[in-house]
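Report on the structure given below.
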Amino acid sequence: MNKSEELRIEAQQEENDLVYLGKIKKVFREERLEKFESKWIEKLKIKGFEVENTSEGKFLIRTTTKYGNVEYFPKANRVFVKLHAKQNNKGWYSKGLNWINERLLK
């Protein structure tokens, strides 16, 4: 049983609506992490990117493209781009999976 499934069962047993909403939010975050670990890492490795789990819930994607190194936070679905030294256009991007799909996997 996945952690998201355990959290979903725990949330369904909750009587307080606000506590239920908080636990459901945790379920969605865990589901995004599990989805990335099960499907997207393999897609990135097939394309030749090196993916490293640097800490709990944070992945470093090493690229040779114009984007440099990319840190992906699947629970928040956000991307932080660290460009090569000569470029200054680094920063945060929302909708991280869409960003990875549009810029790295196409």
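Being a predicted model, the structure only gives us computed values, none of them experimental.
- Other residues, nucleotides and ligands contribute only 12 or fewer heavy atoms inside 6.0 Å of the CD atom of E50.
- With hydrogens and angles left out, the side-chain atoms of E34 and S4 include a donor and acceptor closer than 3.5 Å.
- Going from atom CH2 of W40 over to atom CD1 of I61 covers 10.5 Å, rounded to the nearest 0.5 Å.
- Atom CD of Q12 and atom CG of L7 lie 11.5 Å apart (nearest 0.5 Å).
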For W92 and F73, what are the C-alpha separation, side-chain angles and deciding distance, and is it a ring-ring contact (aromatic ring centres under 6.0 Å, His included)?
CA-CA 11 Å; W92 289 96; F73 299 82; 5.4 Å; yes
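- To the nearest 0.5 Å, atoms CZ (R32) and CD (E37) are separated by 13.5 Å.
- Under a 4.0 Å N-O distance rule, the pair R8/E30 does not qualify as a salt bridge.
- Note: K43 NZ to N101 CG = 7.0 Å, rounded to the nearest 0.5 Å.
- A donor-acceptor contact closer than 3.5 angstrom is absent between the side chains of N98 and Y93.
- Between F49 atom CZ and N69 atom CG the span is 11.5 Å, to the nearest 0.5 Å.
- Around atom OH of Y20, no more than 12 heavy atoms belonging to other residues, nucleotides or ligands sit under 6.0 Å away.
- Shortest non-hydrogen contact noted between G57 and P74 is O-CD, 3.3 Å.
- In terms of hydrophobic clustering, with Ile, Leu, Val, Met, Phe, Trp and Tyr side chains grouped at heavy-atom distances under 4.5 Å, I41 and V70 are assigned to a common cluster.
- Formation of a donor-acceptor pair under 3.5 Å by the K47 side chain with backbone atoms of L105 is found in this model.
- Taken to the nearest 0.5 Å, the CD atom of E52 stands 10.0 Å off from the CD atom of E71.
- Dense packing is recorded around NZ of K75, with more than 12 heavy atoms of other residues, nucleotides or ligands lying under 6.0 Å away.
- E5 approaches M1 most closely through the heavy-atom pair OE1-CG, 3.2 Å.
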